[in-house]
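This one's a predicted model, so the numbers in the text were calculated from it and none came from an experiment. FYI, side chains are in, hydrogens and waters are out, and symmetry mates aren't considered; it's all heavy atoms of this structure. A, B, ... follow the sequence lines: proteins, then strands. Residue 1 opens every chain.
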There are 2 protein chains.
Amino acid sequence: MLDPRKLHLLRELARRGTIAAVAEAVTFTPSAVSQQLSALEREAGVPLLERTGRTVTLTPAGHLLVEHAQAVLEELERASAALAVARGGPSGPLRIGAFPTAARVLLPPALAGLTGAHPALAPMVSEIDPADVSAALRAGELDVALVHEYDFVPPVTDASIETEPLFTEPMYLTSRPTVAEARADAWITGKPGTLCHTMAIRACQAAGFEPLVRHHIDDFDTVLAFAAAGQGVALVPHLAASDPPGGVRLTRLPLSRRTLAAFRRGNGEHPAIVAAVAAFRTAVSRLPL
Amino acid sequence: MLDPRKLHLLRELARRGTIAAVAEAVTFTPSAVSQQLSALEREAGVPLLERTGRTVTLTPAGHLLVEHAQAVLEELERASAALAVARGGPSGPLRIGAFPTAARVLLPPALAGLTGAHPALAPMVSEIDPADVSAALRAGELDVALVHEYDFVPPVTDASIETEPLFTEPMYLTSRPTVAEARADAWITGKPGTLCHTMAIRACQAAGFEPLVRHHIDDFDTVLAFAAAGQGVALVPHLAASDPPGGVRLTRLPLSRRTLAAFRRGNGEHPAIVAAVAAFRTAVSRLPL
DNA sequence: TTCGAGCTTAAGATGAACTTATGCTCGATC
DNA sequence: GATCGAGCATAAGTTCATCTTAAGCTCGAA
């Protein structure tokens with residue numbers, strides 16, 4: 001019988017590309033991952049990995065098996081969710097990931113509602129950029145996460161991750177009426193690698209120029225403080241723009257940001273996930289949108 | 001992560017009813033099965049088995065998990081079948097089960113065709129009564145089996161077994177023109193527990209009487225020899241009735257028997273299964289029906 | 001050429017899973 | 001109503017898979 005643990009490693013290899021990265025994701029040594037994949041290959045009776053020097057690539061058979069691995073792991077996830085239902089209501093630890101603004105604005109009321117309704121539930125929050133969420137979910141480091149998508153930035157499609165939209169908010173530009181007019185300005189964006197950084201670059205490119213990025217700051221309150229001090233222009237979402245510091249003009253742009261809840265496919269019926277998404281929704285409904 | 005090996009044991013327990021029977025089916029000791037199921041229960045965090053004295057019963061949660069176990073094991077079966085395809089064509093051992101008449105009439109030409117077309121395939125045949133087939137398939141003792149169904153005998157429905165119909169043949173009665181007229185005769189049926197035995201009993205009950213069973217014989221050639229010797233009446237299928245011994249009158253009845261190929265659900269795309277069913281079909285097409 | 005990143009293999013340690021042995025519960029039998 | 005056997009659980013020990021550590025190999029970059 002094929003071992004789902006090995007199938008999981010194979011799937012991670014397909015996503016991350018190197019054995020070392022897989023090992024880091026599952027907190028094994030590369031040696032262990034290598035051995036497990038070799039064993040899987042032996043059981044499969046057909047080469048799954050192609051070793052060329054110090055790199056590995058999946059063979060067509062390897063890719064095929066990844067598809068099936070996906071289906072197997074999804075069914076196992078469903079089975080676990082069904083057991084959680086049988087255990088009776090949400091309980092135990094629930095690891096929540098959230099981008100910083102959500103952690104500040106959305107999570108406090110959501111968590112209050114969540115633990116109020118389900119005292120046995122122990123939510124644990126980690127700040128995490130949306131770009132890293134799907135890997136963290138797959139690795140089992142998170143159970144549910146708040147992520148966002150921007151226009152211009154294609155949403156990450158991952159067969160093993162499912163999302164539920166929560167709300168949409170408009171984006172604002174500081175100091176200038178349009179992005180095009182900020183062509184010569186210094187820009188304040190998120191740190192490289194974050195979605196916010198990508199979003200700002202793409203928005204400027206869409207307006208026909210490459211932005212001059214001077215500051216990399218993730219926290220929108222700090223961003224606004226910098227803008228108020230004349231240190232540059234920035235794009236901020238509605239939620240972060242409700243109470244701008246003095247001297248900061250905000251112009252609403254025809255650009256929006258969608259916030260979603262993400263979780264492992266097959267885990268959507270898990271009572272803790274259901275409860276968390278419900279709590280997110282009621283918190284959203286009380287947001288100043 | 002839930003262990004599919006343990007899920008398999010739970011599914012077998014649901015089918016067979018006792019831990020001892022499961023242990024026998026998988027050639028473990030009852031102790032091992034008991035320990036594995038206890039471990040599964042611990043991981044599930046909810047009681048799956050109810051122990052009352054020396055018997056175990058599945059709880060509702062246990063039954064629920066069996067449903068999911070079924071789905072998981074089916075996906076694993078699919079993955080294995082996909083790997084067999086990737087290995088390139090049918091090869092290796094293929095364990096075939098067949099009821100005696102099929103083993104004699106159908107399998108010799110079918111196996112000749114099969115090994116002719118796929119020399120790397122090593123078919124291994126075991127005679128087995130259709131009543132025992134699904135258990136043997138689930139336990140992995142067989143990969144594919146020839147079974148039959150009778151009118152009057154409801155087909156065994158097993159969520160983990162899939163069937164493909166091969167052909168239908170009429171049934172014949174020895175010595176008498178109708179079943180009702182054999183009310184007072186001595187009957188020759190299959191051994192108790194076999195489908196043929198059940199079928200004969202039910203056919204007589206449908207005609208309004210309980211048969212007087214004197215002989216229990218599975219082999220239809222022997223049955224016909226007994227009938228020729230005046231030892232009783234019997235129901236025989238068309239395939240076994242092509243060359244009746246002298247003195248045996250055969251009357252065709254409005255009663256039929258269906259022969260099917262059975263295999264584990266999810267395994268239907270396995271190249272060896274595909275090849276075997278194809279070989280069965282060509283052998284059937286050359287049968288005197 | 002050297003360094004480092006990445007993969008593999010060998011060898012040892014750890015833990016899961018099996019067997020054997022034993023005890024318990026309960027229904028059937030004498 | 002004692003005994004027997006079927007059925008399950010627990011304890012203890014063994015075996016085997018799986019992990020880590022350690023070392024070696026390959027290849028691209030400095």
F28(A) CZ - dA17(D) P separation (whole Å): 17 Å

At under 4.0 Å between heavy atoms, what does A20(B) touch on the DNA or RNA strands: base, sugar-phosphate, or nothing? sugar-phosphate

Look at atom CD of E269(A) and say whether more than 12 heavy atoms of other residues, nucleotides or ligands are closer to it than 6.0 Å. no

Backbone N or O of R15(A) within a donor-acceptor pair of the R138(A) side chain at under 3.5 Å? no

Between dC18(C) and Q35(B), is there an OP1 or OP2 to side-chain N/O distance shorter than 4.0 Å? no

Looking at dT21(D), dT8(C), dT18(D), which one has an atom nearest to any side-chain atom of T29(A)? dT21(D)

For a side chain to side chain contact (heavy atoms under 4.5 Å, CB included) with L40(B), tell me which candidate from L7(B), L49(B), D3(B) qualifies. L7(B)

Quickly work out the E50(B) CD to dC26(C) P distance and round it to whole Å. 14 Å

To the nearest Å, how far apart are L9(A) CG and dC19(D) C1'? 12 Å

Whole-Å distance, R16(B) CZ to dC8(D) C1', equals 18 Å

Distances under 3.5 Å between nitrogen or oxygen atoms of protein and nucleotides 22-25 of chain D:
none

R51(A) has an atom CZ; how far is it from atom P of dT9(C), in whole Å? 7 Å

May I ask you to evaluate whether R5(B) reaches the phosphate of dA17(C), defined as a side-chain N or O under 4.0 Å from OP1 or OP2? no

Compare the minimum distances between each of dT18(D), dT19(C), dA17(C) and the side chain of Q36(A), then state the nucleotide with the smallest one. dT18(D)

Any salt bridge linking E41(B) with R87(A)? Criterion: basic side-chain nitrogen under 4.0 Å from a carboxylate oxygen. no

Judged by atom type as modelled, is there a donor-acceptor pair below 3.5 Å linking the side chain of R16(A) to the main-chain atoms of A135(A)? yes

So if I apply the side chain to side chain contact (heavy atoms under 4.5 Å, CB included) rule between D218(B) and each of K191(B), E127(B), H197(B), which one comes out positive? K191(B)

Could you tell me how far apart L37(B) (CG) and dA16(C) (C1') are, to the nearest whole angstrom? 16 Å

Whole angstroms only, please: what is the CD-P distance between E43(A) and dA17(D)? 10 Å

Would you classify V56(B) as touching base, sugar-phosphate or nothing, given that sugar-phosphate means primed atoms plus P, OP1 and OP2, and contacts are heavy atoms under 4.0 Å? sugar-phosphate

Send over the distance from K6(A) NZ to dA17(D) C1', rounded to a whole Å. 8 Å

If you measure from the Lys or Arg side-chain nitrogens to the Asp or Glu carboxylate oxygens, is any gap between E43(B) and K6(B) under 4.0 Å? yes

